[in-house]
Amino acid sequence: MTANSHNYSELEKRWNTLAQKMGWHITTLYRESDYPVLAIQNDAAQKSVSGGFYLSAGVHGDECAPVWALLNWAETNGSSPTLDDRPLVILPCLNPHGLINNERLDSQGIDLNRNFQNADHPLIKTWQDFLRGRQFDLALNLHEDYDSGGIYLYELSRNKSLGDRLLAACEEIIPRDIAAEIDGTEMVNGLLKRTDDIERIAEEELGGWPESIWLHLKLSTDAFTFETPSEMDLDRRIQAHLRFIETAIQFQNA
Ligand SMILES: [Zn+2]
């Protein structure tokens, strides 16, 4: 799939090539350790601030499968008629320093996924400004977990739960982690759906806001955080993320 899964220059080059081919707009949100943090939008996302999809990977740099799966998905499906004219916003890798160095934290030693409320962080400030006033039908936050033995999903939604069906679509590639916990909360068959008390949990239990919680509470968006076990074979992890993205978008279009 890729010669070096931590090669950010290769990632950046392929996103630039794809964006040019598709006529997508690339913005540099911030430069982290000399590497640009890119945000990509299609035409529809520039014309409309509501609906469509937000897809993000690489918030934690030691979780590389989602980064390549997202690129692979976009290279294969970017021109798909199922996307039609729906807004598409992609954050290909929010933590280039982490990806290059195979580290969870950013170059300041900060866990971005506990700081999406923190406008004192220059990247987060630009990211918040970039998204303010938008609302998506669906946000996918792609992650990995070195403690887990299988896939699991964290669902923040005001609608009928799709989580179990999403996991069902991916479990033939990697089985569910049926013993998974998120921050001390037990999951049901690899799924945790939260509807209440979310802000308190972010502040008191997590010590800061993950990307999904900000998207859900501030942009009224259904947000799904999908995790694969980072000790497993890379290609399998990439395939699981690809299946997850494809299925989640299919369900939205159904
Ligand atoms: Zn993560």
Side-chain angles (χ1 to χ4, degrees), residues 5-6 8 11 29 32 35 37-38 54-73 90-118 121 123-124 127 138-156 163 166-167 170 174 176-177 179-185 187 190-194 198 201-202 205-216 221 223-234 236-245 248:
S5 51
H6 294 275
Y8 190 75
L11 187 79
L29 286 185
E32 213 223 20
Y35 290 94
V37 176
L38 306 176
Y54 172 96
L55 310 175
S56 160
V59 170
H60 291 140
D62 56 346
E63 302 170 9
C64 67
V67 168
W68 299 102
L70 184 53
L71 173 67
N72 193 299
W73 173 82
I90 300 175
L91 282 297
C93 181
L94 276 160
N95 180 5
H97 165 90
L99 186 79
I100 292 159
N101 294 288
N102 196 19
E103 289 172 8
R104 178 180 174 91
L105 308 178
D106 77 357
S107 58
Q108 317 293 315
I110 288 169
D111 186 340
L112 291 173
N113 218 30
R114 297 291 181 272
N115 277 281
F116 279 92
Q117 85 292 356
N118 178 9
H121 189 296
L123 166 60
I124 302 296
W127 176 86
L138 179 71
L140 303 182
N141 305 108
L142 308 173
H143 283 260
E144 302 203 88
D145 182 343
Y146 58 81
D147 279 332
S148 85
I151 55 171
Y152 63 88
L153 184 61
Y154 179 51
E155 176 174 8
L156 297 169
L166 284 167
L167 285 164
C170 303
I174 299 177
R176 304 181 199 214
D177 184 348
E181 286 187 1
I182 281 189
D183 306 305
T185 307
M187 316 189 79
L191 176 65
L192 176 62
K193 180 171 178 176
R194 277 197 211 285
I198 295 168
I201 288 167
E205 295 181 23
L206 305 180
W209 292 40
E211 187 181 20
S212 60
I213 288 186
W214 198 92
L215 292 164
H216 183 64
T221 290
F224 292 82
T225 303
F226 180 63
E227 306 258 359
T228 49
S230 51
E231 295 296 307
M232 209 170 260
D233 172 71
L234 177 62
R236 241 174 112 187
R237 287 147 51 204
I238 290 174
Q239 290 310 317
H241 277 280
L242 264 174
R243 176 73 62 85
F244 176 75
I245 302 167

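Every number for a ligand or one of its atoms is a count from 1 in the order of the listing. None of these values were measured; they are calculated from a predicted model.
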Any side-chain donor paired with an acceptor under 3.5 Å for H6 and N101? no
Any luck finding a side-chain donor-acceptor pair between S148 and E227 under 3.5 Å? no
Can you tell me the N, O or S atom of H143 that's nearest the Zn ion (ligand 1)? ND1
Checking side-chain polar atoms at under 3.5 Å, does E211 have a donor or acceptor matched by the opposite partner on Y54? yes
Are the side chains of R194 and Y154 in contact, using a 4.5 Å heavy-atom criterion? yes
Of all the atoms in E63, is at least one N, O or S atom closer to the Zn ion (ligand 1) than 2.8 Å? yes
Looking at H60, pick out the N, O or S atom nearest to the Zn ion (ligand 1) and give its name. ND1
